[in-house]
Amino acid sequence: MIRDITLGQYYAGESVIHRLDPRIKIIGTILFIAELFIVHDFIGFAFCGAALAIIVGVSKVPPAFILRGLKPILLIIIFTFCLNIFMVDGRVIWQWGFLKITVEGIYTAAFMGLRLVLLIIGSSLLTLTTKPISLTDAIERLLRPLNRIGVPTHEIAMMMSIALRFIPTLLEETDKIMKAQQARGADFESGNILSRAKSLIPILVPLFVSAFRIAQDLAMAMEARCYRGGKGRTRMHEMKFAGRDVAAMITLGVFLVVIILERIYL
């Protein structure tokens, strides 16, 4: 399951989505998340799902690779589904003691579960189609107006990029530690959920040690390259909007209007 987490990973490609300006992709991801919360019925989710399917097809990222990223959060999705299906009042169709299932509960559970799935897939596409260094530059450019009030935008963008980049690194390190302990007789797969969770506790100490070691190595590498923050830094490749970026921005605006009109009239 550790290897199934796709958040923070980059899937190399030459599709139109990969070549889009990273600022457009960040804005598009934010708008898509906002649209998921604007939607109030399954018709709106159908529009969002169709748009997401088109983007996945154009990006040429294998759908199986994207759906694999849902496995680690499957427990959260199931918990959210069960919480809504049993806790929402309405027309009761089954009851046992204090537990009851209502028509409204089923509707709410399916609605929230679908929203969570679309949210995860839409967010993961940002990192799957954008290189970490491009993501850092885009975040810094979008936050640049805050420089006027003393906000260290370059440092913030760098920290966010490093955090995203470290996700697959730490997951890989966790996988190595688990395999090493399994080779020494550790069992992480038998027993109930509680016992399996307790068996993961011995992984935390070597994982923290490894994380601090990686962070120290990164700091030394940055100092060896004379990194002193964003002041006075220049870039080899400056980001510029192309025709496809303008077309993508117009498409995002039109889709936002469609979602708002669907919310109002349907």
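As a basis for the values below, the full set of heavy atoms in this structure was taken, side chains included, without hydrogen atoms, waters or symmetry mates.
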Ser59 (side chain) donor-acceptor with Val56 (main chain) under 3.5 angstrom: yes
Within 6.0 Å of CE in Met160, more than 12 heavy atoms from elsewhere: no
Side chain to side chain, Leu207 and Ile177, heavy atoms closer than 4.5 Å: yes
Smallest separation among heavy atoms of Ser15 and Val58, with atom names: CB-O, 3.2 Å
Ile156/Ile139 under side chain to side chain contact (heavy atoms under 4.5 Å, CB included): CA gap, chis, key distance, verdict: CA-CA 9 Å; Ile156 293 174; Ile139 295 173; 5.5 Å; no
Heavy-atom neighbours of Phe166 CZ exceed 12 at 6.0 Å: yes
Sub-4.5 Å side-chain heavy-atom contact between Arg144 and Asn147: yes
Within 6.0 Å of CD in Gln216, more than 12 heavy atoms from elsewhere: no
Spacing of CD1 belonging to Ile85 relative to NZ belonging to Lys100, to within rounding of 0.5 Å: 13.5 Å
Minimal non-hydrogen separation, Val88 against Gly105, with atom names: CB-CA, 3.7 Å
Side chains of residues 258-266: which donor-acceptor partners sit under 3.5 Å, not counting sequence neighbours?
unit_1, atom_1, unit_2, atom_2, d
Arg263, NH1, Ile38, O, 2.5

Plane angle bin for Phe45 and Phe42 - parallel if under 30°, tilted between 30 and 60°, otherwise perpendicular: perpendicular
Verdict with supporting geometry, Arg141 and Asp137, salt bridge (Lys or Arg N to Asp or Glu O under 4.0 Å): CA-CA 6 Å; Arg141 291 291 295 273; Asp137 292 342; over 6 Å; no
List the atom pairs, donor and acceptor, that lie under 3.5 Å between side-chain atoms in residues 241-256 and the rest of the protein, sequence neighbours left out.
unit_1, atom_1, unit_2, atom_2, d
Arg244, NE, Arg19, O, 3.2
Arg244, NH2, Arg19, O, 3.4
Asp245, OD1, Asp21, N, 2.8
Asp245, OD2, Ala242, N, 2.8
Thr251, OG1, Ala247, O, 2.8

Asn84 versus Ala109, closest heavy-atom pair with distance: CB-CA, 3.7 Å
Thr174 side chain vs Leu170 backbone, donor-acceptor pair below 3.5 Å: yes
Atom pair CH2 (Trp94) and CZ (Phe86), whose distance is rounded to the nearest 0.5 Å: 6.0 Å
Step-by-step side chain to side chain contact (heavy atoms under 4.5 Å, CB included) determination, Leu128 to Phe65: CA-CA 10 Å; Leu128 287 172; Phe65 184 82; 3.4 Å; yes
Non-hydrogen atoms of Leu52 and Gly122 that approach each other most closely: CD1-CA, 3.9 Å
Separation between CE of Met87 and OG1 of Thr102, rounded to the nearest 0.5 Å: 11.0 Å
Heavy atoms of other groups near Met222 CE, more than 12 under 6.0 Å: yes
Aromatic Phe37 / basic Arg115 pairing, under 6.0 angstrom, 45° off normal: yes
Joint cluster assignment, Leu114 & Ile54, ILVMFWY side-chain distance < 4.5 Å: yes
Option passing side chain to side chain contact (heavy atoms under 4.5 Å, CB included) with Pro22 (candidates Leu142, Thr130, Ile133): Thr130
Single-linkage hydrophobic cluster Ile101~Phe79, side-chain heavy atoms < 4.5 angstrom: no
Main-chain N/O of Ile121 paired to Ser124 side chain as donor or acceptor, under 3.5 Å: yes
Glu140 and Arg23 ion-paired at < 4.0 Å: no
Full working for side chain to side chain contact (heavy atoms under 4.5 Å, CB included) between Tyr11 and Thr127: CA-CA 8 Å; Tyr11 188 89; Thr127 56; over 6 Å; no
Spatial distance of atom CD1 (Ile17) from atom NZ (Lys60) [nearest 0.5 Å]: 11.0 Å
Single-linkage hydrophobic cluster Met112~Leu83, side-chain heavy atoms < 4.5 angstrom: no
Minimum side-chain heavy-atom gap Leu135-Ile26 below 4.5 Å: yes
For Thr153 against Leu143, the heavy-atom pair lying closest together: CG2-O, 2.9 Å
CG-CG distance between Leu36 and Leu31, expressed to the nearest 0.5 angstrom: 11.0 Å
Note, Ile77 side chain near Val117 side chain (heavy atom, < 4.5 Å): yes
Ring geometry between Tyr10 and His18 (parallel below 30°, tilted from 30 to 60°, perpendicular above 60°): perpendicular
Check against side chain to side chain contact (heavy atoms under 4.5 Å, CB included), Lys25 and Thr129: CA-CA 9 Å; Lys25 287 187 276 189; Thr129 59; 3.8 Å; yes
Pairwise side-chain contact, Ile55 with Phe32, heavy-atom cut-off 4.5 Å (strictly under): no
Considering all heavy atoms, the nearest Tyr107-Asp41 contact: OH-CA, 3.8 Å
Ile214-Phe208 co-clustered via ILVMFWY side chain contacts under 4.5 Å: no
From Phe81 atom CZ to Leu116 atom CG, the distance as rounded to the nearest 0.5 Å: 12.5 Å
Shared hydrophobic cluster for Ile76 and Leu67 (ILVMFWY, side-chain gaps under 4.5 Å): yes
